[in-house]
2 protein chains.
Amino acid sequence: MAATIKDVARLAGVSQSSVCRALARPDQVRPDTRERVERAARDLGYYPNRAARGLITGRTANIGVVLPDLANPFFPSVVKAIQTQARRFDYAVFLSDTDEDPAIEVPLIRALAKQVDGFLLCSPRSGEEELRAFAGQIPIVVLNRRITPFPSVTADSADGMRQAIGHLHALGHRRVAYVAGPRASWSNRDRLRGLRSATGAYDMELIEAGNVAPTVDGGAAVADTVAASPATAVIAYNDLVALGLLNRFRARGIAVPGRISVVGFDDILLAGLVSPALTTVAIAKEQIGRTGVELLLDLLADRDPVNRRTPTQLIVRDSTGPLTDQIR
Amino acid sequence: MAATIKDVARLAGVSQSSVCRALARPDQVRPDTRERVERAARDLGYYPNRAARGLITGRTANIGVVLPDLANPFFPSVVKAIQTQARRFDYAVFLSDTDEDPAIEVPLIRALAKQVDGFLLCSPRSGEEELRAFAGQIPIVVLNRRITPFPSVTADSADGMRQAIGHLHALGHRRVAYVAGPRASWSNRDRLRGLRSATGAYDMELIEAGNVAPTVDGGAAVADTVAASPATAVIAYNDLVALGLLNRFRARGIAVPGRISVVGFDDILLAGLVSPALTTVAIAKEQIGRTGVELLLDLLADRDPVNRRTPTQLIVRDSTGPLTDQIR
DNA sequence: CAATATTCTGGAAACGATTCCAGACTGGCC
DNA sequence: GGCCAGTCTGGAATCGTTTCCAGAATATTG
């Protein structure tokens, strides 16, 4: 159906090899053959079959992206940045959403492996050992998680937490709750670690609330527990959870930030739009995606990529403030 | 590096053809060869190269998805549904975000064409003629737009608009504004068409406000114009625009729904989380994605797919109500 | 047990591109 | 004009699969 290199060769009256050269390295053919080939290609609407090319060159010009849940607004932002950067280098993107199911990550990677030059794994949920089995086999860059020996891009959660805690401390808070995300999530552990260190530094009490799904419902589910705790401020695993908290608090008539302050993490689009607008720790989502592509290309070019850490920044909005309802 | 069918053949002591058969049609080989092949494949960690297979079978088991902007929360929902349904039939997904740039759509489709069995074009922005050129060449299903001769899945905007207008009418509104989305957007024209028919049926006045980008900023930009109009209710092209309106209205101290009611379209996750929670016309996003995949598979199997129209449903929340600030 | 029907198997071609190699041109120079 | 160097070109092999075809092995039958 679609034109192949053979058709072009026939129409241009040259051999396949010449067509290939004329299109790939125009300076290696005579101007007139080049012109005839170009015209033939244009006339036939010829586009090379990248899969066939990949077979022989060993380079597919595709990047595989695997992530746990596209419904979490954090990921589309990252993917978009990946896309943009990938296109800049003429790479296309294979996308796979695992639906937070660690069990399908590895088979998925296996199945796609031959169709891509390498993978960007966003917040993979699989065990370290399983993933490590790919080391040396398939070029992999990990985003939002650190797994040796893969190069990775992670956010500086510790600094973000420090900023958040500094802010809350300045507002007079001394007891802060943390609503933890999925236990399998490295980000969750990383954030918690950063938070512990920050509360330690400021000599504040940290109250940990159960692991919840990283969704609005997850946040809503734990809101009552948080409200019943002595915490006067709460930091959520991510913005979705924070929004769930806000929602439930409003439903319960619990004033934010009057009775309790709420801090999110990620700075998704919604964060600034709800009311009270959510104070949150912004992650450089675009930078993570872009840098991920850069590292992967480094890896593919046999340059040795180094782990990168992207900055975080506390965005103070309206969901945090000094206590006004002094109920305890 | 990675194991090929040849390696498996050597290890199992059979020919390539037998390996292929043993794995693809196990009932056509003797049980013992099948077993040896399976073991060899397992031991070597053999996974077939889908690209190579596609070359000969003409079937890549990939679907290409092209959409204008992943940052619009509407699309991730659709993509997620596409993913899920595609995986069910063992298809993988190629994703491309065009950044609302119609100029790159067609080249993108061309470049990817050989790597996928067909495309799902979500809200394509290109001209009809350009896209029609693919008819008969590349299997294409269009989502959120109707372009003959491609099968398409669209939302029943007219019915959604009827519901919205019915709701506003019942609340006492008689003058309603529409904030239009991108001029190039078929959805926008479709929604406007539905709206006109609905306002006509209810004998209401329709005030059309300029075309804006389908984003929060787009909505914010036109809010003052809307407020200055005689409209007592406004329907936005989509939820993002509606949220922009809400935001700006709040900043201006314009009561919603007291002074003006706001209705969105799409029912993205945010809609229910802002306050006032947004009344909006919900679109069956998952169904659109799922159905799109079904139609594409029909097309690929030479079954004749028919256009589908998915239902819409007005979700009444808090951004609509009877007028209370009777300023005019 | 021979003849036939049936099931399995291996060899080779094919898919669409790229690349190596050798041979055919071209030009420059004497 | 003849020779050499350099530039272009075509043929053939190759990537990893699948599939067709013919032949080998096995099973069935009288």
Side-chain angles (χ1 to χ4, degrees), chain A residues 1-38 40-41 44-62 90 92 110-117 138, chain B residues 1-38 40-41 44-62 90 92 110-117 138:
Chain A
M1 186 83 253
T4 74
I5 201 170
K6 248 182 222 160
D7 303 321
V8 179
R10 197 173 322 125
L11 182 58
V14 300
S15 73
Q16 288 186 43
S17 358
S18 295
V19 174
C20 185
R21 266 183 303 247
L23 298 176
R25 284 178 301 278
D27 50 310
Q28 287 187 24
V29 300
R30 269 210 330 254
D32 66 315
T33 36
R34 192 186 66 184
E35 217 155 293
R36 270 187 319 180
V37 168
E38 277 172 353
L44 292 171
Y46 169 74
Y47 274 74
N49 183 327
R50 300 174 125 213
R53 170 187 295 166
L55 206 51
I56 181 108
T57 61
R59 208 180 140 276
T60 62
N62 293 148
D90 208 27
R110 280 252 156 66
L112 251 47
K114 305 263 179 56
Q115 290 188 91
V116 303
D117 293 338
I138 303 176
Chain B
M1 188 82 253
T4 74
I5 202 171
K6 249 182 222 158
D7 303 321
V8 179
R10 198 173 319 126
L11 181 59
V14 298
S15 73
Q16 289 185 43
S17 359
S18 295
V19 174
C20 184
R21 266 183 301 248
L23 298 175
R25 283 177 301 279
D27 50 311
Q28 286 186 23
V29 300
R30 270 208 331 252
D32 64 315
T33 37
R34 192 187 65 185
E35 218 154 292
R36 269 188 319 184
V37 169
E38 278 173 354
L44 292 172
Y46 169 75
Y47 273 73
N49 182 328
R50 300 175 125 213
R53 169 187 295 167
L55 206 51
I56 181 111
T57 61
R59 206 180 141 276
T60 62
N62 293 147
D90 208 24
R110 280 251 155 65
L112 251 49
K114 306 265 180 51
Q115 291 189 91
V116 303
D117 293 338
I138 303 176

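Each chain gets a letter, A, B and so on, in the order the sequences are listed, and its residues count up from 1.
Within the 4.5 Å cutoff, no side-chain heavy atoms of T60(A) are placed close to those of Q115(A).
Heavy-atom nearest nucleotides on DNA chain C were determined for C20(A) and for T33(B), and the one closer to the 5' end corresponds to T33(B). Residue-to-nucleotide proximity on DNA chain C shows that, of A52(B) and S15(B), the 5′-proximal contact is made by S15(B).
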List the atom pairs, donor and acceptor, that lie under 3.5 Å between side-chain atoms in residues 46-56 of chain B and the rest of the protein, sequence neighbours left out.
residue: N49(B); atom: OD1; partner: A51(B); partner atom: N; Å: 2.8
residue: N49(B); atom: OD1; partner: A52(B); partner atom: N; Å: 3.1
residue: R50(B); atom: NH2; partner: D90(B); partner atom: O; Å: 3.1

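Comparing dT26(C), dG16(D), dT9(C) by their closest approach to the side chain of R30(A) singles out dT26(C). Picking from dA17(C), dT17(D), dC20(D) the nucleotide with the shortest atom distance to the side chain of R21(B) gives dC20(D). The K114(A) side chain lies nearest to dT17(D) when the options are dT26(C), dT17(D), dC8(C). Of the candidates dT26(D), dA17(C), dC15(C), the closest approach to any side-chain atom of L55(B) belongs to dC15(C).
Q28(A) has its CD atom 15 Å from the C1' atom of dG10(D), to the nearest Å. Atom CZ of R10(A) is separated from atom P of dG16(C) by 11 Å (rounded to the nearest Å). Rounding to whole angstrom units, CZ of residue R59(B) and C1' of dC15(C) are separated by 16 Å. Spacing between atom CG of D32(B) and atom P of dC8(C) amounts to 10 Å, rounded to whole angstrom units. A straight line from CG of L44(B) to P of dT17(D) spans 12 Å, rounded to a whole angstrom. Here the C1' atom of nucleotide dG10(D) and the CZ atom of R36(A) are 13 Å apart, to the nearest Å. Here dT9(C) presents its C1' atom at 16 Å from CZ of R34(B), a figure rounded to the nearest Å. Across the protein-nucleic acid pair, Q16(B) atom CD and dG16(D) atom P stand 10 Å apart, rounded to whole Å.
Regarding contacts with the backbone of dA17(C), a side-chain N or O of Y46(A) is found under 4.0 angstrom from either OP1 or OP2. Close to dT18(C), at under 4.0 Å from its OP1 or OP2, lies a side-chain N or O of R53(A).
Atoms CD1 and CG, on I138(A) and L112(A) in that order, are 9.5 Å from each other to the nearest 0.5 Å. To the nearest 0.5 Å, the span separating CZ on R10(A) from CD1 on I5(A) amounts to 12.0 Å.
Heavy-atom contacts from other residues, nucleotides or ligands closer than 6.0 Å to CD of E35(A) number 12 or fewer.
For R50(A) against dG16(C), a side-chain-to-base donor-acceptor contact under 3.5 Å is absent.
Nucleic acid contact class of S17(A) (heavy atoms, under 4.0 Å, all strands): base. Residue R25(B) is classed as a sugar-phosphate contact, given heavy-atom separations below 4.0 Å to backbone atoms only.
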